[in-house]
Amino acid sequence: MASIPLTFKCFLDDRMNSDDYDRKVVMDTLNLVGREIVKSAKKKVSSTNSTTYPGKMTGRLRKNIKIHKAKRKDRFWIRVQIDTFKDFPFWYPAPLMYGRKDGRLRPRRDAVVDSAEEIKEQSIKAIQNALDRALKGWG
């Protein structure tokens with residue numbers, strides 16, 4: 001169902017500090033994972049006659065699937081989410097996930113969550129490798 005937003009966080013060992021890692025290496029990998037999820041999610045919502053995912057009518061939903069990154073230097077996370085639409089007065093995701101004009105409500109799948117599930121194993125391996133490469137003083 002609708003679990004917006006989807007966040008990837010790297011939890012470090014209790015004995016380690018964020019200063020022990022090269023932030024650029026970790027964030028580059030997280031960004032690559034996020035871009036793959038965004039690309040797949042945008043492909044899923046691009047169909048005009050889809051009943052599984054919200055279909056493309058104006059393209060607003062597709063344009064608003066975005067990545068947000070950690071701004072603080074001691075945090076390693078990204079969030080893939082559907083941003084609020086700037087030209088709408090308020091954000092109400094129920095029509096996207098359940099809506100139909102004829103009044104019949106049918107659940108729709110969340111393209112962001114499904115895209116993340118598809119590449120879950122690859123993502124975990126890539127992030128683990130990035131954390132290993134990013135460890136300062138050990139490489």
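For the residue pair Ser40 and Ser115, the shortest heavy atom distance occurs at OG-OG, 3.1 Å. Contact between Arg133 and Val25 at its shortest, heavy atoms only, is NH2-CG1, 3.7 Å. Smallest separation of non-hydrogen atoms from Val26 and Ala134: CG2-CB, 3.6 Å. Residues Val33 and Ser123 approach most closely at CG1-OG, 3.4 Å, considering heavy atoms. For the pair Ile78 and Met27, the tightest heavy-atom approach, listed with the atom from each and the gap, is CG2-CE, 4.2 Å.
One finds the CZ atom of Arg72 at 10.5 Å from the CH2 atom of Trp77 (value rounded to the nearest 0.5 Å). A distance of 9.5 Å separates CD1 of Ile119 from NZ of Lys39, quoted to the nearest 0.5 Å. Residue Ile37 holds its CD1 atom at 13.0 Å from CD of Gln81, rounded to the nearest 0.5 Å. Atoms CZ and CD, on Arg109 and Glu117 in that order, are 9.0 Å from each other to the nearest 0.5 Å.
Two different hydrophobic clusters hold Leu32 and Leu131 under the rule that ILVMFWY side chains link at heavy-atom gaps under 4.5 Å. Hydrophobic clustering places Ile67 together with Ile127 (ILVMFWY residues linked when any side-chain heavy atoms are closer than 4.5 Å, directly or through intermediates). Linking Ile, Leu, Val, Met, Phe, Trp and Tyr residues whenever their side-chain heavy atoms come within less than 4.5 Å places Val38 and Val45 in a single cluster.
Side-chain contact between Lys125 and Gln122 is absent, with no heavy atoms from C-beta onward closer than 4.5 Å. In this structure, Lys66 and Asn64 have side chains that are in contact, with non-hydrogen atoms separated by less than 4.5 Å.
Looking at Lys44 and Glu118, a side-chain N of the basic residue comes within less than 4.0 Å of a carboxylate O on the acidic one, giving a salt bridge.
Among pairs with a residue in residues 21-34, those fulfilling salt bridge (charged side-chain N to carboxylate O under 4.0 Å, His left out) read Lys24-Asp28, at least two apart in sequence or across chains.
Side-chain contact annotation: Asp114 with Tyr53, donor-acceptor N/O pair under 3.5 Å present.
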